Number of protein chains: 2
Amino acid sequence: MSLSWTATATDGAARAGVLQTAHGAVETPVFMPVGTAGTVKAMTADAVRSTGARLILGNTYHLMLRPGAERVAALGGLHRMMDWPAPILTDSGGFQVMSLAGLRKLDADGVTFRSHIDGTPYRLTPESSVDIQHKLDATITMVLDECTPHPATEEEARRSMEMSMRWAARSRTAFVPRPGYGLFGIVQGSVYRDLRLASVAALTAIGFEGYAVGGLAVGEGQETMFEVLDYTAPALPADRPRYLMGVGTPDDLLGAVARGIDMFDCVMPTRAGRTARAFTSRGVFNLRNARFADDPRPLDPDCGCPLCTRHARAYLHHLFRCEEMLGPMLLTWHNIQYYQDLMRGMRKAILAGGLAAHAQAVRARWAAGDDPR
Amino acid sequence: MSLSWTATATDGAARAGVLQTAHGAVETPVFMPVGTAGTVKAMTADAVRSTGARLILGNTYHLMLRPGAERVAALGGLHRMMDWPAPILTDSGGFQVMSLAGLRKLDADGVTFRSHIDGTPYRLTPESSVDIQHKLDATITMVLDECTPHPATEEEARRSMEMSMRWAARSRTAFVPRPGYGLFGIVQGSVYRDLRLASVAALTAIGFEGYAVGGLAVGEGQETMFEVLDYTAPALPADRPRYLMGVGTPDDLLGAVARGIDMFDCVMPTRAGRTARAFTSRGVFNLRNARFADDPRPLDPDCGCPLCTRHARAYLHHLFRCEEMLGPMLLTWHNIQYYQDLMRGMRKAILAGGLAAHAQAVRARWAAGDDPR
C-alpha cells in the first residue's frame, strides 16, 4: 500500500491528521526543514530530530549535481547518507533548474540546462526526475512541473499548466509504487480560478497520494495567495494530504493551515538563522542589532531549544559579531524549533477545535513585540 | 584551597593524575580544545562535552576585544556565557597581542597595542591581564609573559625571560586566590638550558599552582622541543601540573607526555576540522581528496563520534565539496574526539605502566596508513 493520510480532526477548513509512510508516521499540519544538498544547513541530523521534525525536504536539482543520484544510491539512499531514517520528500528539480541553472531550454518533453557549478549539461524529463528521486529513495516523490512565473497572462498560465498536467500523467506512469512511498501531483494555474480548478480536475483524474499547490509565494503577495487557496484547497480530495510548496513566513503558515493546507517547506527559518534573523513568539529580531549586546535574557522565553535555555541574547549577538559558526548553528536550530513549535501549537488547537482563537493569540503576541527590560 | 593536582601513577617520566578545581575534576594528561572567542569553533558545548573533554581554553586577547571582559562578567562569567560549567583555562593575552594586534609596543611595564579588528588602543600589564582573567572567571589564570621569538640569541632570550619573570612575580601579587582556582607560571628561556633552568628556579621561588612551558612550537622543530622538555620538565616541582602551551600534533603529544607533560592546548584539531583535514588512527587524511568521493566506509573505524558511527567518508567529502557547514561541524567534532581518545589512551597506558609500548603501537598504526579497500 502506498503512503496514506488520515484526518484525526477538522476545525473549519483546517485539518489535523497523520501521514503513514515506509519511514514512519508524521503528524500534520507539518513543516519540513529544507535539507538542500543532503544536509539541513548548519544542523546535525540529531539537532533536526530534537526539534520534533519528522519529515524533511531534499532538493533533487542540488543532489543530482552533487554528489549525484547514483552515488547517493550507492551509499544506501538519502536517508542512510544523511542519517535521517524518517521520511524525506524530494522536489522534482524543476523549480531550481529554472531559478539556478544556466542556459536552460524548456521544451514539451522536458528541460535541458547546464549546472550552475561547472557548466555540465543535464536533461530533466518527467521520467528522469521520477527516476532520480527513486534513486535518492525519496519517501514522497514530486512530479516534474513548470512553476508558472508571476505575473503571467491567463493564456500563458493555461499553456504552462496544461504542459504540467501532461508531465504529471507521465510522472505517474514512470513512478514505481512501493509500500509506504507516494507520488504527489502539483496544482498550477497562477492566480486564475478556472485554471486552478481545471488543474485540480486533471490531477485528481490521474490520481496521486497527495496534492501540492505550486506557483505561489512567487511575488503575488499573501492576500492573493490566500485567495487562491480559498478556492483551490476545498476542490482537492478530502482524504489526501495537501502541500503548499515553498511557503513561508509564520503568518503564512497560520493562514494556510486555516485554509486546509497540511504540509509546508521553506528555506526561510534556516536561511534567516545564518543571517542573524530570529523567529520568536515576540516577533522577528535581528540579532546583529546593538540593543542585544548586553541583553542577558533568553532569545525567546517560550522556547525550549538549547540556545534559549542555555545562552543569553548577548552571547548570540557576540557570536554573530565575531562571525563564529556557532551563531548560525544555534540560531538555525532555534528557528527550526520555532517553526516546529508553531506547527505543534496549530495541531493541538485543531484537535481542541480552537484554531482561530489560537492563531489570533499567536499574532497578538507577535504584534506586542519584545518584553520590556 | 587553590586548585591542586595529584599524581595517580607514573610511568618513566610520564604521569597520570587528577586536577581538582572549583569547576570539577580533570584527569591528566589532558588536551584542552581551544575556545577562542567564547566558543570552540563549529561545536556546541554539548558536542565538546560528548568527546569527554572536561577542560577548555579561552583566549583573553579575543575576549577582551569582543565581547569585552566586563560584558562577560555581567553575563555571569565565561562558564555561564558559553554553557561550560567545567573548568576553563585562559591564556594571558600576551601571545596573541604579539601575533595579531597592530602597532604593538612592549615596555618594561606591559604592552600597548591596537585591536586588529577596529584599531581601538588597549594596554595589557601583568596586573590588568590577571584582572581580565578574573572577570572572565577563569579557573586557571596564566601569567602575562613574553613568548620569546625563535630564533633568539642567548642574550635576547635572557633579557626576555628575565622580564617575564618580573611579570610573573607581579601577576602572582595581582592574582586574587579563590578556592579551586589557580595561577600558572610560564617557563621561558628559548632553547638555552641555563636560561630554562634559571626560569624554573625563578618561578618556583615565587610559587604557582602549576607550571607551563612557553616559547616552544614556534619553529624550533620537534627534536629541539623535546630536548628542551628533557631538561626542563624534570626540574619542575613533581607535585604540580605541567602545561606545554600551544602543542601540538598527535605525535607531539605522545612525545611530550612521555617527557612528563600533563596539559596541552592547540588549535590544530579544530582548524584542521574546518579545512577537511582529519586526524585518525590511520594517520592524517584530506577529505577533499577525490579518492573519498565514493568511499562508503567510516572515516575512522576505531572512533565512536557521530561522524564515524553514522556517515560515510563519501558524505563528508560531499559536504566539503559543497561547502556545507556540516562538513566543518562533523569533522571538528571528530578531530576533538580523536584528540580526547588519544589522551585517554595515554592515561590508561600510564596507569598500566605501558606508555612506551602504547605509543609505539599508535605510531605504527599511523605509519601503516589507511586500510585497503
Side-chain angles (χ1 to χ4, degrees), chain A residues 35-48 50 62-63 65-68 70-72 74-76 78 80-85 117 270 273-274 292-297 306-307 309-330 332-333, chain B residues 35-48 50 62-63 65-68 70-72 74-76 78 80-85 117 270 273-274 292-297 306-307 309-330 332-333:
Chain A
T36 316
T39 156
V40 176
K41 286 182 191 294
M43 293 184 80
T44 63
D46 274 346
V48 179
S50 80
H62 289 289
L63 290 164
L65 265 47
R66 295 188 305 199
E70 304 288 349
R71 206 167 254 155
V72 174
L75 293 172
L78 199 49
R80 182 126 173 58
M81 183 180 89
M82 295 178 66
D83 181 34
W84 184 264
I117 301 154
T270 39
R274 299 196 300 281
F292 296 113
D294 291 296
D295 192 336
R297 298 175 298 171
L307 173 62
T309 51
R310 304 185 192 177
H311 297 291
R313 291 172 174 185
Y315 181 57
L316 189 60
H317 173 83
H318 162 68
L319 293 175
F320 275 103
R321 204 171 149 219
C322 294
E323 292 176 10
E324 284 287 353
M325 227 179 273
L326 189 59
M329 287 164 61
L330 289 176
T332 301
W333 192 332
Chain B
T36 316
T39 155
V40 176
K41 286 183 192 294
M43 292 184 81
T44 64
D46 274 347
V48 179
S50 80
H62 288 289
L63 291 163
L65 265 46
R66 294 188 306 201
E70 305 288 349
R71 205 165 255 155
V72 174
L75 293 173
L78 199 48
R80 184 130 170 54
M81 183 180 89
M82 293 178 66
D83 180 35
W84 184 264
I117 301 154
T270 39
R274 300 196 298 283
F292 295 114
D294 291 296
D295 192 336
R297 298 174 300 169
L307 173 62
T309 51
R310 303 186 193 178
H311 297 291
R313 291 172 174 186
Y315 181 58
L316 189 60
H317 173 82
H318 163 68
L319 293 174
F320 274 103
R321 204 172 149 218
C322 293
E323 290 177 13
E324 285 287 350
M325 227 180 272
L326 188 59
M329 288 164 60
L330 289 176
T332 302
W333 192 332

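Since the model is a prediction, treat every value here as computed from it, not as a measurement.
To the nearest 0.5 Å, atom CZ of residue B:R71 and atom NE2 of residue A:H317 are 6.5 Å apart. The CD atom of B:E323 sits 10.0 Å away from the NZ atom of A:K41 when rounded to the nearest 0.5 Å. Taking NE2 from B:H318 and CZ from A:R66, the interatomic distance works out to 7.5 Å, rounded to the nearest 0.5 Å. Rounded to the nearest 0.5 angstrom, B:H311 NE2 and A:R80 CZ are separated by 10.5 Å. Atoms CG and CG, on B:D83 and A:L307 in that order, are 10.5 Å from each other to the nearest 0.5 Å. In this structure, CE on A:M325 lies 8.5 Å from CE on B:M329, to the nearest 0.5 angstrom.
Of the atoms belonging to B:A47, not a single heavy atom falls under 4.5 Å from chain A. Both the backbone and the side chain of A:A42 come within less than 4.5 Å of a heavy atom in chain B. There is no contact between A:P306 and chain B, counting heavy-atom distances below 4.5 Å. Of the atoms belonging to A:M43, it is backbone heavy atoms, and not side-chain ones, that fall under 4.5 Å from chain B. When heavy atoms are compared at a cutoff of 4.5 Å, A:A45 does not approach chain B at all. Using a 4.5 Å cut-off between heavy atoms, A:I117 does not touch chain B at all.
B:Y315 and A:L75 make their closest contact through N-CD1, 4.5 Å (heavy atoms, listed as atom of the first residue, atom of the second, distance).
Chain A forms more heavy-atom pairs under 4.5 Å with one residue of B:V40, B:D46, B:L65 than with any other, namely B:D46. Among A:V72, A:T36, A:L330, A:L326, the residue with the largest count of heavy-atom pairs under 4.5 Å with chain B is A:L326. The residue among B:A312, B:P296, B:A293 with the most heavy atom pairs within less than 4.5 Å of chain A is B:A293.
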